[in-house]
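Reminder, nothing fancy here: chain letters follow the sequence lines and each chain counts from 1.
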Amino acid sequence: MDEVYDPAAVERTAQEHWRELDAYRAREGDPRFPKGKFYVCSMLPYPSGRLHMGHMRNYTLNDVVYRFMRSSGYNVMTPMGWDAFGLPAENAAIDKRVAPAAWTRANIADMKAQFAPMGFAFDWSREVATCDPAYYRWNQWLFLKMLKSGIAYRKTQIVNWDPVDQTVLANEQVEDGRGWRSGAIVEKREIPGYYLAITRYAQELLDRLESDLQGWPPQVRTMQQNWIGRSEGVRFAFPYTLDGERRLLWVFTTRADTIMGATFVAIAPEHALALDLARRDQRLGKRRLTDFIEECRKGGVADAELATTEKKGVPTGFFVQHPLSGEQVEVWIGNYVLLSYGEGAVMGVPAHDERDFAFARAHGLPIKQVIEIGGQAFSPSRWLDGYASTEGSRCINSRSRDGRYDYDGKRYREAVDAVATDLAALGLGEKKVQWRLRDWGISRQRYWGTPIPIVHCEACGVVPVPESELPVVLPEDLVPDGTGNPLTRDERFLACTCPDCGKPARRETDTMDTFVDSAWYYMRYCCPDAPTMVDERTGYWMPMDQYIGGIEHAVLHLLYARFWTKVMRDLGLTRIDEPFKRLFTQGMLLAHCYYREEAGGKKRWFYPAEVTEQFDERGVPLSAVAKEDGRPVLYGGIEKMSKSKNNVVEPGAFVERFGADTARAFVMFAGPPDQSAPWSDASAEGVYRFLRRLWSFCYEQRTRIIGAPRTVSDGLPSALKRVRHDLHVNLQQALFDYQRMQFNTVVSAAMKMLNGLEAAKAQPEAAALLREGVGILLHTLYPIAPHIAHALWVELGYAEDRGDLLDAPMPQPQAQALRQDELELVVQVNGKLRGRVTVAAEAGDEAVKALALADERVRKFVADKPIKKVVVVRGKLVNIVV
RNA sequence: GCCCGAGUGGCGGAAUUGGUAGACGCAGCGGACUCAAAAUCCGCCGCCCUAAAAAGCGUGUCGGUUCGACUCCGACCUCGGGCACCA
């Protein structure tokens, strides 16, 4: 045994040992593990080429769970793969003139090499890369199945259009309403695309959040619930006549009780009626509507952008008929009405909707109160929160002039029911459940993705590629240049024959959203070489027992994966309803970022290594300068580590200096893993010091530990009894924290154990306790810092007694060690700490009370005031209320 | 703008979920060892007032519930994540 801790040597030896055992290859139904399977998986990384500290955190969490569960007797499997399609490869192609395929595959090789020294327990035999035709053929195959069943369908979509580069832009490529490369003002454009009908599953996606996903963080369930956004309301129509034709303008409302207060109708700029009215006006030589609709076309399609643009509207001068009051109501075009939600049209009830109120005030529209709440005064000049309340509300002023419809005095529910019944009788409406969730548009006008298996034939139209011709293989040698999808210019790819008529045809050039790739990769890990999409091995491992990934995926990825699973279930490919039994969302590692504005308003982001930072004593960044020229750079805030902001911190140098165990223990120790944390390596020394101390301690005590008795006798001196008590308390704490995945405090517990053993070593009777304690400590630390734990486990003879640390069962705290004869209780007077008393463990409340009142300091504070109450919390405290 | 989180010493954080606020570390200060340095070891380390103690104050801000609140409730402020074509 070496005297000094040498992480490089320790880690090399341990990794060789595991390699020889082929330790992480998981087998279905492995008889060594009678407790059954446990599938733990981290969200697969995008192969940017550089492993960063955020990855380190994600995969260390994953590895800790793997090792802890295996130590608990489970047949654990943890795979790894690559989310290999997507935009960054195309950006690299533009920058470096390399094909996305070559760049991506080189990155995968690089990152795999960077993973090697970390000691992660991945079963690499299950590796999947989503850009591999053997994988994405099943995206295509399932897409065809969905097309057949009607889940997949074609319709128009609205995208960001760069009028200079003549290309579709991702939301990320739109900066302040302009194209990132051209700087041109982005426009909305309608193009055809494929959609998956996720809304058909909306109810089930909502219901199973509560019934099946109790193992998910509550805030993620809440986010998904709000995203799906079920609302019950009424869909109804305002009749009108245009060009001599009688038509209906449909709207949706959750507040049908306020229908008699509707004083206008607002429709989306893209609404068919808006376009009709604009055309009609144009014929009369008026351009106001056309200009407004044109103006609304400017800017991107991102919701965050739409929601923050100023709310504007124009009157159309066109009136529709209120279905119940019969009054004429003017139609407005409003940029805040979304075509994609509900009917793309809303009734405006200024008195009881805050946004309508503001709109009516701005445009001088009538405000008619039709709801009264608890006698609260109503003023059309000032909005009050209560105006929109449904609680304790009653309808007023809600009679039609002819007296046929009267809702006065009705409460919210009654009024909604009555309105719905009346509308239904007229054939102008009914109750309806409306979802905020929209169908999933999967078409991307991009090269580096799964080709959509469709052929366009002049004679037959849109024709699906037959299953037998799958996969439609993406050519890998194209290099995008920023001016659109190179597939549209690649004759080899485009040319094909129509599967129906056999005449020459053209291939679809759109590719699939990369969320399709990540919707089911975790099932392919179970059977990476299957000749079908999935096989019975998927049935063994799924559902996944623990999924781990960034909180930024709380809605989209996780919702799509849930949906995809249900589609596969309904096609008979799997029997599970939900893919992820338990979910852990790790917080992100954040880092300061710096930039400089360059000509044309483009931002250049600096790497941390490229700037010199100055902080004040509170850690707030004061200023920073670029190393290259010493001139200041602008502070861009503290944000998630991302390639686009160049603020990633890489673990390579860190691991070289301290070793993988320190890196792993340090990222675990840095803070609670479900919360985001700004990266700082300032306190890494402390963790390294701890591992060195542990090694030195074991080296110094090795003979004593190896020769010590295997059981601790009852007759320990009281000082050692206390050490043993604390040791088992810390073990109990660590096991609890392992289960709730709070690994930062597991590291603390291990440190406390070492501190306790250091204090005990001077006692001559300590040998057996040291042996027990070091065993517990190594086992506690093992999932987090496996290399050093393995090395010491072998050196000190634990392996001979209990077998390889990989599969040795976790120690359990012993009741005998946890038992205490005396307890120290805290004494409070009026809730403030005033003293402490030591009592026998089994002392009753009355005895404890008496002892507390007898305490000198307590008596001083109680003085001669009468005692109102004494609260005794067993084993904790006494509170005397005076 | 909407949805979801988080704010505790100089710093990262702990408090087994309503019961001793600051565990465990980092940094700092003092000391031991050393010719010296590194490493290591020992001690101190929320604020305020002190010679020291005692008292008082203290978990983003303001208010509430409770014998007792970092923890529960209400309002607000700041920061982070997501908002459907970044992954």
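- The nearest pair of heavy atoms linking A:Trp216 to A:Gln224 is CZ3-NE2, 3.8 Å.
- Atom P of nucleotide B:C3 and atom CD of A:Gln225 are separated by 13 Å, given to the nearest angstrom.
- When heavy atoms are screened at a 4.0 angstrom cut-off, A:Phe690 is found touching no nucleic acid atom at all.
- B:U17 takes the syn form, because its glycosidic angle lies no more than 90° either side of 0.
- Among the nucleotides B:G81, B:A84, B:C86, the one closest to the side chain of A:Trp227 is B:A84.
- Side-chain proximity of A:Leu556 to the nucleotides B:U16, B:A87, B:C4 is greatest for B:A87.
- Closest contact between the side chain of A:Ala304 and the listed nucleotides B:U20, B:C67, B:C83 involves B:C83.
- Looking at A:Asp439 and A:Thr199, their side chains do bring a donor and an acceptor atom within 3.5 Å of each other.
- For A:Asn730 and B:A14, the CG to C1' distance is 13 Å, given to the nearest whole Å.
- Residues A:Gln445 and A:Asn485 have side chains that never bring a donor and an acceptor to within less than 3.5 angstrom of each other.
- Nucleotides B:A21 and B:A55 are separated by 13 Å at their P atoms, to the nearest Å.
- Checked by atom type, the side-chain pair A:Asp737/A:Gln733 shows a donor-acceptor distance below 3.5 Å.
- Per the geometry, CD belonging to A:Gln732 stands 15 Å off P belonging to B:A15, to the nearest Å.
- Side chain A:Arg740 to base B:U16: no donor-acceptor pair is found below 3.5 Å.
- Between atom CG of residue A:Asn160 and atom NZ of residue A:Lys188 there is a gap of 8.5 Å, rounded to the nearest 0.5 Å.
- Nearest to the side-chain atoms of A:Met223 among the listed nucleotides B:A87, B:C67, B:G81 stands B:G81.
- A donor-acceptor contact under 3.5 angstrom links the side chains of A:Thr745 and A:Gln742, judged on distance only.
- Taking the side chain as every heavy atom from C-beta outward, A:Leu169 and A:Trp180 approach each other to under 4.5 Å.
- With no hydrogens or angles considered, no side-chain donor-acceptor pair links A:Trp82 and A:Asn107 at under 3.5 Å.
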Short heteroatom pairs, N/O only, protein and nucleotides 43-49 of chain B, under 3.5 Å:
none

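- Taking only side-chain nitrogens and oxygens, A:Asn226 never comes nearer than 4.0 Å to OP1 or OP2 of B:C2.
- Within the 4.0 angstrom heavy-atom criterion, only backbone atoms of the sugar-phosphate kind lie near A:Asp83; the bases stay farther away.
- No more than 12 heavy atoms of other residues, nucleotides or ligands sit less than 6.0 Å from atom CD of A:Glu856.
- Each of A:Tyr46 and A:Val881 has a nearest nucleotide on RNA chain B; the 5'-most of these lies closest to A:Val881.
- Donor-acceptor pairing under 3.5 Å, judged by distance alone, is absent between the side chain of A:Asn744 and the base of B:G12.
- Distances shown here put a side-chain N or O of A:Arg692 below 4.0 Å from the OP1 or OP2 atom of B:U40.
- Neither OP1 nor OP2 of B:A69 sits under 4.0 Å from any side-chain N or O of A:Lys832.
- Residue-level contact check: A:Ser443 touches the bases, meaning some heavy atom is under 4.0 Å from a base atom.
- Considering only the side chain of A:Glu552, B:G81 comes nearest among B:G68, B:G81, B:A84.
- Between A:His553 and A:His557, the ring-plane angle classifies as perpendicular under the 30° and 60° cut-offs.
- Summarising the geometry, the separation between CZ on A:Arg57 and P on B:G81 is reported as 14 Å, rounded to the nearest angstrom.
- In this structure, A:Ser676 does not reach the B:G81 phosphate: none of its side-chain N or O atoms is under 4.0 Å from OP1 or OP2.
- No engagement by A:Arg874 is indicated, since no non-hydrogen atom pair under 4.0 Å with the nucleic acid exists.
- Counting only Watson-Crick or G-U wobble pairs whose defining distances are both under 3.5 Å, the stems of 3 or more consecutive pairs in RNA chain B are B:1-7 with B:77-83, B:10-12 with B:24-26, B:28-32 with B:40-44, B:60-64 with B:72-76.
- Residues A:Thr450 and A:Asn139 bring a donor and an acceptor atom of their side chains to less than 3.5 Å of each other.
- Between A:Gln742 and B:A15 there is a side-chain polar atom (N or O) within less than 4.0 angstrom of OP1 or OP2.
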Give each protein N/O atom lying under 3.5 Å from an N/O atom of nucleotides 24-29 of chain B, with the pair distance.
residue: B:G25; atom: OP1; partner: A:Asn755; partner atom: OD1; Å: 3.4
residue: B:G25; atom: OP1; partner: A:Asn755; partner atom: ND2; Å: 2.8
residue: B:C26; atom: OP1; partner: A:Arg689; partner atom: NH1; Å: 2.5
residue: B:C26; atom: O2'; partner: A:Ala682; partner atom: O; Å: 3.4

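- Within the 4.0 angstrom heavy-atom criterion, base atoms lie near A:Arg436.
- Within 4.0 Å of A:Asn171, counting heavy atoms only, lie sugar-phosphate atoms of the nucleic acid but no base atom.
- Rounded to an integer number of Å, the gap from A:Leu437 CG to B:C3 P is 18 Å.
- Checked options A:Val827, A:Val870, A:Val872; the residue passing with A:Val848 is A:Val872 (criterion: side-chain contact (heavy atoms from CB on, under 4.5 Å)).
- Positionally, the nearest nucleotide of RNA chain B for A:Thr308 lies more toward the 5' end than for the other of A:Glu824 and A:Thr308.
- Residue-level contact check: A:Leu877 touches the bases, meaning some heavy atom is under 4.0 Å from a base atom.
- Shown here, B:G81 is classed anti by the O4'-C1'-N9-C4 or O4'-C1'-N1-C2 angle, which is more than 90° from 0.
- Side-chain atoms of A:Pro672 lie closest to B:G13 of the nucleotides B:A87, B:C86, B:G13.
- Per the geometry, CZ belonging to A:Phe743 stands 17 Å off P belonging to B:G13, to the nearest Å.
- Between the side chains of A:Arg181 and A:Asn91, no donor-acceptor pair of N or O atoms lies under 3.5 Å.
- Note on A:Gly550: nothing from the nucleic acid sits closer than 4.0 angstrom, heavy atoms only.
- When rounded to the nearest whole Å, the span between NE2 of A:His553 and C1' of B:C83 equals 15 Å.
- Distance CG (A:Leu583) to P (B:C4): 17 Å, rounded to an integer number of Å.
- A:Val667 approaches A:Arg57 most closely through the heavy-atom pair CG2-CA, 4.3 Å.
- The side chain of A:Gln828 sits closest to B:U20 out of B:A15, B:A54, B:U20.
- A:Val871 comes within 4.0 angstrom of a nucleotide base, judged by non-hydrogen atoms across all strands.
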